[in-house]
Structure formats: structure tokens, C-alpha cells
Amino acid sequence: MLVLKIMSLGRGVSRALRLLRYSYAWKTNLDKDRWKQMTKLWGGRFQKSAESWVDEFGASIGFDQQLVMEDIEGSLAHVTMLGAQGILPQEDVEKIKWGLNELRKKAEKGELEYKVENEDIHLNIEKMLIDLIGPVGGKLHTGRSRNDQVATDMHLFLKKRVKEVVELIEAFQKTILEKAEQHIETIAPGYTHMQRAQPISFAHHLMAYFWMLERDKERFNQSLERIDISPLGAGAMAGTTFPIDREMTAGLLGFSKIYENSMDAVSDRDFIVEFLANSALLMTHLSRFAEEIIIWSTDEFKFIELDDSFSTGSSIMPQKKNPDMAELIRGKTGRVYGNLIGLLTVLKGTPLTYNKDMQEDKEGMFDTLQTILGSLKIFEGMVRTMTVNTKRLNEAVHSDFSNATELADYLATKGMPFRKAHEVTGKLVFKCIQKGIYLKDLTLEEMKEESELIDEDVYEVLKPEAAVARRLSQGGTGFEQVRKQIEKAKECLK
Ligand code: ARG
């Protein structure tokens, strides 16, 4: 016993001497760097400091300062709980809370000065707290680790932001719906293989994107279930010896539940992967739509015209009006995919529990968030302000073979097996191509040469308007069906 006491006394004395030596060194400007390391919040067991460029490599403060509000919020909940559980005396709790609130005010005004030597947002805030209220600030970290702290910050952060994403998706859906309502009776060519297929209501085409976005929204909303969980109290990974109350901190932070396993709590980044995956799919949808916008605004198509406010010119070609915004959205899809693959790759080889690799979860997430918020906002404005060239769409649909299925269906209705009707129509199409005309230009005699079943009423059937109107199967492009679809869509937005 006595031996142990003497030994620990010895260690204390030598540490004090070392501090003295360093402070002397620092004062005499001999070894500022070493002094710096001694003052690191975790510097106790270190004899030697890292060079500043090593610090820089390890630091995340350059980007995780975006978590400052969540970090302070988490600390406030934690210290409140420490007080309620009698782990810290109430007067210490009050001091810490006061300090954290001061820092929050400064953060709101952008007045906090972050330091790379303090590594990340957690240590920066803790250091600032101690500088502000003195050593009592050092009690904040009781029963907590940066590992559960950072996970808590990320959960809080994404929970808020995913709701913003959902709001923007909904705003875009609303705009699509409004545009669609204006173009229920605008007939446009529908495509497969990028070849004219069948005439459609232009609203039907637009609404396809509404439903994709509806699924995106659903996915983001469902992911909240897995974001809305509190890891706080998991400690470094094994829990803590202090009698903490995890339900209390979860409640204070507005989390619906807590992680059941402390090791899972600190090493889980699934919720971020899920966010990145949902974002990747959202971008796939936006990118496909962007591609159509780009094609539609070419001289060759001229189906739409983008508003000047969402287009750009060329520095050399005066006539140009480029769909830059749509192209950028299509292009930015790449980085969002990259961020997903990036994080999956970071995680795949990490043993339990926390590994510094996980610090790499942040930049991709921030970048993806910023990219999808921006893309959604731009796309909404682009669609809201674009002009649909109704006349051109109508013309397009009157000079093509997209009514060929109508003729085949017509023959099938008259009793001809569909396979045969397909062949007869194909022959008529070939006849037209040779003559340089369309189906509606064939005389009745010419048609009858292929089938006696064809009568005068065929010309009505060949009209693109009729082709659309008659497609009344559920979810089809028939005007009545499109109206029903739009009503259903409105329900989704309520
Ligand atoms: N900056 C770190 C990160 O973002 C915080 C957690 C650090 N924990 C640790 N044990 N080094 O992952």
C-alpha cells in the first residue's frame, strides 16, 4: 500500500516537474510545440508532440464545425442529465450550462475561433468552455466519450436536414403537378429506345417524375426511423460506470429511442449510408429528368424552352442559350454516387468499434446534402419557369408512326389475332415509308389491300388525340386517367 502511494506520489511529482520544465521552455521560447502538446485535452500520457502538419492531417475541425449547434445541444442534454443523476453538483452544472449557452450565442454570430490544434468540434468546444468558465468545464466530459458524442451530433444533424430535404422534394412535386395540370391535353410523343413509341399526354410524362419523387420522399421519411435514435451514453464503446440516464438525454434531445448496444451505437454509420443511398437514387431521378430537359430544349426537339433566368450564354457564340443548370445537376450526380461508394468503402474494413476512419463519414455527407438541396431548388425553379411548346409537340405527334399500335389494336378489336394485326400494320408502315407518307395519308383502298377489316372509321382511330383518349386502363395516359392520377397526387401532398 505504502509503496504504491509513494510510487504514485513520485509520478505526480515528476509530472509537475515536467510541466514546470515545459512552461519554462515555453516561456523561453525553446519548445513551444512541446508545450502545445502538453496542453492538449488528451495530452497527459504524451512526451512528445506531433508536428503541426500531422495535427492538420488528423483534424476534422475544418469541416465538422458545421456540427457546432448539435454538439452544444448534445452537451447541454448530457450535463443536465449529469446534474439530475447527482453525478455532478448542481452548481457545476449551472456553470457549464451558462458557458455552453454563451458559446452557442457566439456560434450563432459566427464568432467562435476554431483551432486546428484542438482537432475537432468536440475538443474545440470543450477547450473554449474551459477557457471561459475555468477547470469546472472539464467536468462536462464525465461519463461521455467523443465516440458517442460525435455519433449523437451526426444523428441530430441528419434528423434536421432530412426534414429539409423532404420539404424541398415536396415543393418540387407541387411545381411538377401544377405544370402537369396545365398540360393534360397537350399531346406529345412518348418514347422507348429513344424512338417514337406512342402518343401521350404531356402531363403523364411529367407526372412520372412526381411519382419517382414520391418514392424518394418516402425513403427519406422512412430513414428517419433509423436516424432518430440516441447513441449518447454509449461512452467510448462499453458504456460507463457513472449512473447515467440515457432515456433522459434521448428525451431531452428529442430522440424516439436509444441504441440497445453501446458498441453498435458508436460504430453504426448505416444511417449515413442510407442517407447517401437515398440521395444517390434521388439524383438518378433528377439526372434523368435533367437529361430530358436538355434534349427537349435542343433545336432538334424544341419541346420546351427554359427561362432565361435558368439558362446561360456562350462566351463566343452569341446565339447560344445553354441548359447549364440541368447539365450541372446531371453532372453533380457523379459526386453523390461517389460519396456513397466512398463511405461504404470506408466502413467495410473497420473492426468494431470506433476507428478514426469514421471521421471520413462527414465531408461526403455534407457535400451530398448541399448538392441535393441545391439541385432540388434549382430544378423546381427551372420547371416552374419553363415554357412548354404545345404547338411543336402537337406537330411532332402528327408526323410520325406513333399511332401504329392504334391500327393494330383496331384490327384486334375486329377479331384479328393481335399477332396478325401487328404484321398487317407493319406492312402498312413499310408501304408508307416507301412512299414517304404516314398511316393517316393512306387511302382506304391501300389499307384494304392488307386487310378487308379496315373501314372508314380507321381515320378517327389514327388521330393522336384519340390514341391518348382511349388509353383508359388504370395508370394509362388517357386524359381521364391522367386527371384521376393528378387527384391522387394531390392527396399525397396534403
Ligand atoms: N473527430 C472525430 C470523428 O469525427 C470524433 C471522434 C473522435 N474519437 C476518437 N476516439 N478519436 O470521428
Sequence neighbours left out, cut at 3.5 Å: what donor-acceptor pairs do the side chains of residues 329-344 make with other protein atoms?
{"unit_1": "Arg330", "atom_1": "NH1", "unit_2": "Glu291", "atom_2": "OE1", "d": "2.4"}
{"unit_1": "Thr333", "atom_1": "OG1", "unit_2": "Ile329", "atom_2": "O", "d": "3.0"}
{"unit_1": "Thr333", "atom_1": "OG1", "unit_2": "Arg330", "atom_2": "O", "d": "3.2"}
{"unit_1": "Arg335", "atom_1": "NE", "unit_2": "Asp367", "atom_2": "OD1", "d": "3.3"}
{"unit_1": "Arg335", "atom_1": "NE", "unit_2": "Asp367", "atom_2": "OD2", "d": "3.0"}
{"unit_1": "Arg335", "atom_1": "NH2", "unit_2": "Asp367", "atom_2": "OD1", "d": "2.7"}
{"unit_1": "Tyr337", "atom_1": "OH", "unit_2": "Thr284", "atom_2": "OG1", "d": "2.7"}
{"unit_1": "Asn339", "atom_1": "ND2", "unit_2": "Arg335", "atom_2": "O", "d": "3.3"}
{"unit_1": "Asn339", "atom_1": "ND2", "unit_2": "Gly364", "atom_2": "O", "d": "3.2"}
{"unit_1": "Asn339", "atom_1": "ND2", "unit_2": "Asp367", "atom_2": "OD2", "d": "3.0"}
{"unit_1": "Asn339", "atom_1": "ND2", "unit_2": "Thr368", "atom_2": "OG1", "d": "2.8"}

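- Scanning for salt bridge (Lys or Arg N to Asp or Glu O under 4.0 Å) contacts around Glu247 gives an empty result, with sequence neighbours left out.
- Listed by first and then second residue, the ring-ring contact (aromatic ring centres under 6.0 Å, His included) pairs that reach into residues 95-138 come to none, sequence neighbours excluded.
- Listed by chain and residue number, Gln90 satisfy the side chain to side chain donor-acceptor pair (under 3.5 Å) test with Glu94 (two or more places apart in sequence, or in another chain).
- Within 6.0 Å of CD in Glu164 there are more than 12 heavy atoms belonging to other residues, nucleotides or ligands.
- Two residues are said to be in side-chain contact when any heavy atoms from C-beta on lie closer than 4.5 Å; Met154 and Arg269 fail this criterion.
- The side-chain hydrogen bond (donor to acceptor under 3.5 Å, both in side chains) pairs that include a residue from residues 273-283 are Arg226-Glu274, where partners are two or more places apart or lie in different chains.
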With a cut-off of 3.5 Å and sequence neighbours excluded, list every side-chain donor-acceptor pair involving residues 72-88.
{"unit_1": "Ser75", "atom_1": "OG", "unit_2": "Asp71", "atom_2": "O", "d": "3.2"}
{"unit_1": "Ser75", "atom_1": "OG", "unit_2": "Arg144", "atom_2": "NH1", "d": "2.9"}
{"unit_1": "His78", "atom_1": "NE2", "unit_2": "Leu140", "atom_2": "O", "d": "3.4"}
{"unit_1": "His78", "atom_1": "NE2", "unit_2": "Thr142", "atom_2": "O", "d": "2.7"}
{"unit_1": "Thr80", "atom_1": "OG1", "unit_2": "Leu76", "atom_2": "O", "d": "2.6"}
{"unit_1": "Thr80", "atom_1": "OG1", "unit_2": "Lys97", "atom_2": "NZ", "d": "3.4"}
{"unit_1": "Gln85", "atom_1": "NE2", "unit_2": "Pro243", "atom_2": "O", "d": "2.8"}

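- Applying the salt bridge (Lys or Arg N to Asp or Glu O under 4.0 Å) criterion to Asp64, with sequence neighbours excluded, gives no partner residue.
- With sequence neighbours excluded, the residues that form a side-chain contact (heavy atoms from CB on, under 4.5 Å) with Gln182 are Lys179.
- In Lys257, the NZ atom is not crowded: 12 or fewer heavy atoms of neighbouring residues, nucleotides or ligands sit closer than 6.0 Å.
- Take Lys490 and apply the salt bridge (Lys or Arg N to Asp or Glu O under 4.0 Å) test, not counting sequence neighbours, and it matches Glu181, Glu487.
- By the side chain to side chain donor-acceptor pair (under 3.5 Å) test, Asp264 pairs with no residue at all, sequence neighbours left out.
- Evaluation of the salt bridge (Lys or Arg N to Asp or Glu O under 4.0 Å) rule for Glu260 yields no partner, not counting sequence neighbours.
- Atom CZ of Arg219 has more than 12 heavy atoms from other residues, nucleotides or ligands within 6.0 Å.
- Not counting sequence neighbours, the partners of Lys106 by the side-chain contact (heavy atoms from CB on, under 4.5 Å) test are Glu111, Leu112.
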